[in-house]
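One-based numbering, in listed order, for ligands and for the atoms of each.
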Amino acid sequence: MGAQVALLSIGNSRVRNRVGSSPPMLELQGIAVSPGVAIGKVLILDQEGYRITRSQIDSSDRNNEAQRLRQAIDEASSRLDEHRQRSAEKLGKKIGAIFSAHQQMLLDPSLHAEWLRLIEDECYSAEYAISSVLNRYAQAFRNMGSGMMSERAADIRDVERTLLESLGGHPTQASGGDGQSVLASHDLTPSETAKLDREKILGFCTEVGGPAGHTAIVARGLEIPAVVGLGTFLHRIANAADVIVDGYRGRVILQPTEEVLARYRERMEVRATRTTKLSELRDLPAQTLDGTHVSLMANIEFPYEVEACLARGAEGVGLYRTEFLYLGSVKEPTEEQHFEAYHQVVSAMGGKPVVMRTLDLGADKMGQSPQSDRENNPFLGLRSIRLSLRNPQMFRTQLRAMLRAASAGDLRIMFPMITTLHELRTARMVLRQVIDDLQEDNIPVPAKVSVGMMVEVPAAVLMLDHLLLEVDFISIGTNDLIQYTLAVDRTNEYVADLYTGLDPSVLRLIKQSVDQAAKYGVDVSVCGEMSSTPLCALLLVGFGVRTLSAPPSALPHVKQALRNVTLADCEAMANRSLEFGTAREVDAYLQGRFAQLLPEMAIGA
Ligand code: PEP
Ligand code: MG
């Protein structure tokens with residue numbers, strides 16, 4: 001007690017340094033992207049782009065070095081086998097298959113020959129031989145220019161890491177070390193995040209990343225506390241230091257004092273009690289005090305998340321981000337692989353609606369792909385429906401699988417990022433052709449499959465009077481709508497403070513879309529992350545939205561808020577919000593109103 005506290009400013013992080021006590025506590029401020037608190041030992045993941053320096057061995061050591069390499073290959077192979085089994089059990093065969101492919105690569109005799117040649121003929125260390133050969137292949141994949149191929153560069157990087165670890169503790173696997181840890185890294189791609197071993201990685205924090213990137217979305221799906229966009233900090237910490245990741249407040253505390261640890265542990269207990277209480281809401285209706293029902297649906301990225309949807313009482317899947325099947329597989333998925341995943345989700349949901357969005361690859365989801373390397377502005381580039389329409393064969397394969405799975409339940413098809421009427425018509429035309437082909441092959445397709453589009457570009461909002469005539473439903477993707485309306489990259493930490501759904505321009509676009517949909521009698525939902533915070537959910541209901549889709553973990557919180565307010569409360573909030581001129585005013589007003597209406601939810605979030 002009583003230690004002096006100094007506040008310093010480092011990058012975009014505030015650092016609180018306890019003077020006079022050792023070790024010092026450092027408090028970093030970043031962006032909260034996945035709620036929860038993780039307390040553990042830090043595990044630092046090397047930055048991308050690390051290189052093994054060119055090191056040579058004595059010529060008399062060549063045989064020993066070759067032997068070291070062989071042992072490392074054997075060890076890495078067994079490790080990959082373990083990862084494969086564990087991932088297959090926990091996350092399904094598709095994810096397990098990633099490690100089988102890594103293993104195949106590792107056991108490729110031509111690679112072994114190249115490594116051995118560098119050791120035996122040129123006296124390079126095993127580390128350098130591995131790194132230089134694999135880097136060359138990774139670069140070749142990056143240069144190939146196809147999105148699918150580029151993902152292989154990331155796989156090669158994973159194999160390299162595994163092998164280097166087997167040679168004596170080089171870069172640590174993102175999936176975790178021996179004990180339970182909190183991962184700290186420069187960045188994590190969405191697929192790296194998806195591979196995190198939830199039993200070993202309690203939470204993570206990264207130097208870069210923005211509030212609504214797909215890494216954040218996957219973290220929420222996995223229910224793993226996360227803070228991103230902390231700025232440069234990895235050089236300030238050592239492996240195994242104590243750390244707290246506060247995914248509610250966007251704070252990371254390194255070497256916390258006993259007092260701080262105790263305070264966090266106490267809060268965690270309070271929250272655990274609240275979560276248990278919330279689980280009691282599962283089978284209660286999602287309705288306001290005066291009986292207005294709101295359908296609460298779930299957003300998923302992987303079929304295994306269906307379990308969480310049902311456990312949280314979701315009325316259906318409002319957004320299935322199917323692109324994660326592409327990100328998790330080594331080759332472009334086959335029709336059968338698509339079908340298996342879709343069929344699993346639709347049948348597990350037992351007749352409840354499942355909105356399947358067609359491929360929405362591009363931009364941040366591509367990680368280190370050549371495509372995003374070549375595009376200066378990937379979010380304005382060849383992503384989403386644009387990518388599907390440029391690759392009709394890939395698009396048709398996915399649509400065939402969806403249509404085949406449609407007979408198993410209530411499957412609805414949704415096109416992402418529709419910007420023009422022409423795009424919508426072209427996508428629908430491809431769909432029509434695929435239906436005709438299936439019927440010609442006597443493959444059953446339901447007489448009517450609902451087809452909708454996402455509204456996530458301001459151009460689509462402006463053209464809704466035309467677009468609504470050609471769809472069965474729309475879903476507002478606020479994550480992208482915010483980004484494209486405010487011209488703020490959703491993954492960029494430097495402009496994270498400008499990224500807000502409460503900006504009056506965004507609110508007006510949402511309201512306009514909901515009103516237009518009502519006028520044309522078309523169902524409207526919101527599946528962007530705005531649906532997941534109780535405060536924004538009430539606002540959306542006030543705008544007239546009656547279907548919200550959010551990560552499964554958010555549903556009980558949204559339901560609790562809804563059940564404690566009236567529709568008139570929501571409408572009054574919505575109407576008043578539309579009168580302000582700045583996001584800050586909207587925010588202050590809504591926070592105040594929320595605290596009056598739901599004091600117990602507003603405290604200690
Ligand atoms: C959105 O943009 O709001 C959305 C739901 O899609 P994604 O986050 O996958 O881009
Ligand atoms: Mg989107």
Side-chain angles (χ1 to χ4, degrees), residues 33-34 189-191 193-194 209-221 228 296-302 305 316-328 354-367 372 378-388 412-419 423 427 452-461 473-492 499-503 506-507 509-510 513-514 524-533 536-537 540 545 547-552 554:
V33 292
S34 180
T189 63
S191 50
T193 311
H214 288 90
T215 295
I217 286 165
V218 175
R220 279 194 285 276
V228 303
L296 293 187
M297 316 267 277
N299 292 351
I300 62 167
E301 286 75 46
F302 299 99
E305 288 178 274
V317 172
L319 170 64
Y320 175 12
R321 291 182 165 99
T322 60
E323 55 276 7
F324 281 84
L325 185 63
Y326 292 79
L327 290 172
V354 176
V355 179
M356 289 203 182
R357 180 173 73 181
T358 63
L359 180 73
D360 186 16
L361 269 185
D364 65 321
K365 285 178 198 149
M366 296 290 228
S372 46
F379 274 118
L380 303 182
L382 191 58
R383 68 170 287 213
S384 203
I385 194 70
R386 301 172 183 176
L387 192 68
S388 294
R412 305 172 187 184
I413 295 178
M414 177 160 73
F415 300 124
M417 210 189 148
I418 293 290
T419 310
E423 266 171 359
M453 58 170 268
M454 293 201 61
V455 175
E456 40 190 355
V457 182
V461 180
F473 65 91
I474 60 169
S475 191
I476 304 175
T478 51
N479 305 340
D480 277 315
L481 188 61
I482 297 167
Q483 139 163 293
Y484 293 128
T485 304
L486 300 175
V488 174
D489 177 347
R490 59 194 269 190
T491 64
N492 182 340
Y499 182 93
T500 167
L502 299 183
D503 192 275
V506 177
L507 298 186
L509 289 174
I510 296 173
S513 307
V514 178
V524 57
S525 65
V526 175
C527 64
E529 296 296 308
M530 275 181 86
S531 289
S532 66
T533 55
C536 291
L540 295 168
V545 178
T547 305
L548 296 170
S549 193

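- Salt bridge present: Arg383 and Asp480 bring a charged side-chain N and a carboxylate O closer than 4.0 Å.
- The contact set between ligand 1 and Met454, taken as ligand atoms under 4.0 Å from a residue heavy atom, comprises 4 (C), 5 (C).
- For ligand 1, the polar-atom distance check against Glu529 finds no nitrogen or oxygen pair separated by under 3.5 Å.
- Heavy-atom proximity to Arg321, at under 4.0 Å, picks out these atoms of ligand 1: 4 (C), 5 (C), 6 (O), 7 (P), 8 (O), 9 (O).
- Atoms CD and CD1, from Glu456 and Ile474 in turn, are 11.5 Å apart once rounded to the nearest 0.5 Å.
- Set against the non-hydrogen atoms of Leu319, the atoms of ligand 1 under 4.0 Å away are 5 (C).
- Ring geometry for His214 against Phe324 counts as tilted: the plane angle lies between 30° and 60°, on a 0 to 90° scale.
- Ser525 and Ser549 share no donor-acceptor pair across their side chains, judged by distance under 3.5 Å alone.
- Proximity of a side-chain donor or acceptor of Glu323 to a complementary backbone N or O of Leu359 within less than 3.5 Å is not detected.
- Ligand 1 places these atoms under 4.0 Å from at least one heavy atom of Ile217: 8 (O).
- No donor-acceptor pair closer than 3.5 Å links the side chain of Thr193 to the backbone N or O of Ala219.
- For ligand 1, the atoms closer than 4.0 angstrom to any heavy atom of Asp360 are 9 (O), 10 (O).
- For the side chain to side chain donor-acceptor pair (under 3.5 Å) test, no residue two or more places apart in sequence or in another chain qualifies with Ser532.
- No other N/O/S atom of Glu456 lies as close to the Mg ion (ligand 2) as OE1 does.
- Considering both main-chain and side-chain atoms, Glu323 never comes within under 3.5 Å of ligand 1 through any nitrogen or oxygen pair.
- Judged by the shortest distance from any of its heavy atoms, Gln483 lies outside the 4.0 Å radius around the atoms of ligand 1.
- If you look at Asp480 and ask which of its N, O or S atoms sits nearest the Mg ion (ligand 2), the answer is OD2.
- Every residue meeting the salt bridge (Lys or Arg N to Asp or Glu O under 4.0 Å) condition with Glu301, not counting sequence neighbours, appears here in chain and number order: Arg321.
- In the candidate list Ile482, Asn479, Val457, Asn479 is nearest to atom 1 (C) of ligand 1, counting heavy atoms.
- Taking only non-hydrogen atoms, the option from Met417, Arg490, Glu301, Glu456 nearest to atom 10 (O) of ligand 1 is Arg490.
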